[in-house]
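A short write-up of the structure that comes next.
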There are 2 protein chains.
Amino acid sequence: MPGKTINPEEWLTALNESGIRVTAVQETLIDIFAHSGYPLSAEEAWEIARQSRPQTGRATVYRMVEKLENLGLIRRVHGYQGCSHFVPTLPELMMLFICLSCGRADYLDSQPLEDLIQHSEHTSGHHITDSRLQLFGDCRACQENA
Amino acid sequence: MPGKTINPEEWLTALNESGIRVTAVQETLIDIFAHSGYPLSAEEAWEIARQSRPQTGRATVYRMVEKLENLGLIRRVHGYQGCSHFVPTLPELMMLFICLSCGRADYLDSQPLEDLIQHSEHTSGHHITDSRLQLFGDCRACQENA
DNA sequence: TCCTTATTGATACATAGTATCAATAAGGAT
DNA sequence: ATCCTTATTGATACTATGTATCAATAAGGA
Ligand SMILES: [Zn+2]
Ligand SMILES: [Zn+2]
Ligand SMILES: [Zn+2]
Ligand SMILES: [Zn+2]
């Protein structure tokens, strides 16, 4: 939501610059994750990939998901149909909202989270290096449709 | 941290009031979860349980963990050694900090999270009904020991 | 004490994810 | 373009995590 959008070309570049070879599976999976409006599991991505590339291996998809996650291009969604679904990373520090009715993901402005982390560091004395925040509920559109 | 502490008796009461019978396994598992200072998986709890009750069944532990989670007595920790570890629920709305060095859990004051949720509801228009926030890093003690 | 029924523990099964390894193919060198 | 090296792939087997089934057990009321 805040400015940034997904550019599959940038994802390919990021993969290649990390020393990974350019392959057909890469492009297939990047397209799948970058263009899906809702969280996808590796298993679901595999199904979709086989529609256009039937020989795609299951392990390959899991490996690719791991690489995309390690590069920070996709992020795991925790607590939405388990913890095995992923969405593209939009801002570095994400405040992700998932609608429990329609399943769509929305990226909220993350400034409040930055403030919260700063504040918690000061009051607790802990050094916070990583965080994950997930919000669930009914999105605006679903509320209006009800 | 904020006031409240764990009282195994209250957990037993909560279980029984939900229509569940009082059994030896209940007490064993409640003790295990209530007194462990760090997140535990069902598998780990099973191991510990068998030390004092060798006949304890694996499925029973998983069932018990599910019940405790459904009653809100324990909560899943996401992103710390996977997503299959649990800690006792302290405040209703938890800001949980996990130290990546010593593994200990700390419960921070959750007012900032309440504020964040209120603010995000107003600016996004979504109705937020559930949230999970996890913070990771180096706790104060571990920083001092380094 | 007896009876009913929730709970248990053993087993089998299901799902999610990982290790192994021979076959393939990317991309640089010739 | 051809060859060579080696990362990547896909098939398979395996591990880990979690669930369904069901006979045996035991809680708790009659
Ligand atoms: Zn899905
Ligand atoms: Zn919606
Ligand atoms: Zn999770
Ligand atoms: Zn620590």
Side-chain angles (χ1 to χ4, degrees), chain A residues 11-33 39-71 73-86, chain B residues 11-33 39-71 73-86:
Chain A
W11 287 26
L12 271 174
T13 307
L15 272 175
N16 301 339
E17 281 178 356
S18 77
I20 295 169
R21 286 184 182 171
V22 182
T23 67
V25 181
Q26 278 184 31
E27 305 195 32
T28 306
L29 285 174
I30 284 180
D31 268 0
I32 289 170
F33 276 104
L40 282 181
S41 67
E43 216 70 27
E44 287 165 346
W46 185 39
E47 276 176 47
I48 299 173
R50 277 179 300 169
Q51 288 168 16
S52 57
R53 246 184 115 263
Q55 76 276 28
T56 306
R58 189 163 165 274
T60 304
V61 175
Y62 275 92
R63 282 188 287 243
M64 208 61 201
V65 166
E66 194 190 8
K67 277 174 196 162
L68 292 174
E69 192 187 13
N70 286 341
L71 288 170
L73 297 170
I74 60 176
R75 293 270 177 96
R76 193 178 292 267
V77 177
H78 293 272
Y80 174 74
Q81 298 178 320
C83 296
S84 25
H85 286 63
F86 295 83
Chain B
W11 288 25
L12 270 175
T13 307
L15 272 175
N16 301 338
E17 283 177 356
S18 78
I20 294 168
R21 285 185 180 170
V22 182
T23 68
V25 181
Q26 278 183 31
E27 303 194 35
T28 307
L29 286 173
I30 283 180
D31 267 0
I32 289 170
F33 276 104
L40 283 181
S41 67
E43 216 69 28
E44 288 165 346
W46 185 40
E47 276 176 47
I48 299 172
R50 277 179 300 168
Q51 288 168 16
S52 57
R53 245 184 114 265
Q55 77 275 29
T56 306
R58 191 163 162 275
T60 303
V61 175
Y62 275 92
R63 282 188 287 243
M64 208 61 201
V65 167
E66 194 190 8
K67 278 173 195 161
L68 292 174
E69 192 188 12
N70 286 342
L71 288 171
L73 296 170
I74 60 175
R75 293 272 176 94
R76 193 178 290 270
V77 178
H78 293 272
Y80 173 76
Q81 299 178 318
C83 296
S84 26
H85 285 62
F86 294 82

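Residue numbering restarts at 1 for every chain, and letters A, B, ... go by the order of the sequence lines.
- Atoms CG (A:Asn70) and P (C:dT18) sit 11 Å apart, rounded to a whole Å.
- At D:dT9, one or more side-chain N or O atoms of A:Thr23 fall inside 4.0 Å of OP1 or OP2 (strictly under the cut-off).
- Side chain of A:Glu27 to main chain of A:Ala24: no donor-acceptor pair is present (N/O by atom type, distance under 3.5 Å, no hydrogens or angles).
- Among the protein residues, B:Ser41 comes within range of no part of the nucleic acid, since none of its heavy atoms lies under 4.0 Å from any strand.
- Rounded to whole Å, the distance from CE on B:Met64 to C1' on C:dA6 is 12 Å.
- For C:dG9, the base has no donor-acceptor partner in the side chain of B:Arg53 [N/O atoms by modelled type, under 3.5 angstrom].
- Of the two residues near DNA chain D, B:Ser84 and B:Val22, the one whose nearest nucleotide lies more 5' is B:Ser84.
- In this structure, A:Leu29 places its CG atom 12 Å from C1' of D:dT9, rounding to the nearest Å.
- Between D:dT9, C:dA16, C:dT8, one nucleotide has an atom nearer to the side chain of A:Glu43 than all others, and that is C:dA16.
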**OP:** Quick one: do A:Glu44 and A:His85 satisfy side-chain contact (heavy atoms from CB on, under 4.5 Å)? Show the steps, please.
**Re:** CA-CA 9 Å; A:Glu44 287 165 346; A:His85 286 63; 3.4 Å; yes
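- Note: CD (A:Gln55) to P (C:dA23) measures 18 Å, nearest angstrom.
- Remark: D:dA27 base-pairs with C:dT4. Criterion, Watson-Crick or G-U wobble with two distances under 3.5 Å.
- Straight-line distance from the CD atom of A:Gln81 to the C1' atom of D:dG18: 17 Å, rounded to whole Å.
- A donor-acceptor contact under 3.5 angstrom links the side-chain atoms of A:Arg58 to the base of C:dG17.
- In this structure, CD in B:Glu43 is found 4.5 Å from CZ in B:Arg58, a value given to the nearest 0.5 Å.
- Rounded to a whole Å, the CH2 atom of A:Trp46 is 11 Å from the P atom of D:dG10.
- In this structure, CD1 of A:Ile20 is placed 15 Å from C1' of C:dG27, rounded to the nearest angstrom.
- In this structure, OH of A:Tyr62 is placed 15 Å from C1' of D:dG10, rounded to the nearest angstrom.
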Subject >> Check against side-chain contact (heavy atoms from CB on, under 4.5 Å), B:Thr28 and B:Ser52 >> reply: CA-CA 8 Å; B:Thr28 307; B:Ser52 57; 4.0 Å; yes
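- Across all strands shown, D:dT17 is found opposite C:dA14 as a Watson-Crick or G-U wobble partner, with both distances under 3.5 Å.
- Closest-nucleotide positions on DNA chain D for B:Ala59 and B:Ala24 were compared, and the one nearer the 5' end corresponds to B:Ala59.
- Phosphate proximity of C:dG9 to B:Thr60: present, with a side-chain N or O under 4.0 Å from OP1 or OP2.
- Pairing of C:dA19, defined by two Watson-Crick or G-U wobble distances under 3.5 Å, is identified with D:dT12.
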**OP:** Take B:Arg76 and B:Glu69 through the test salt bridge (Lys or Arg N to Asp or Glu O under 4.0 Å) and record every step on the way to the result.
**Re:** CA-CA 8 Å; B:Arg76 193 178 290 270; B:Glu69 192 188 12; 3.6 Å; yes
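- Within 3.5 Å, no donor on the side chain of A:Arg21 pairs with an acceptor on the base of C:dG28, nor the reverse.
- Residue contacts shown for B:Arg50 are absent, as no nucleic acid heavy atom lies under 4.0 Å away.
- Scanning all heavy atoms of the two residues, the minimum distance from B:Leu71 to B:Ser18 falls at CD2-CB, 3.8 Å.
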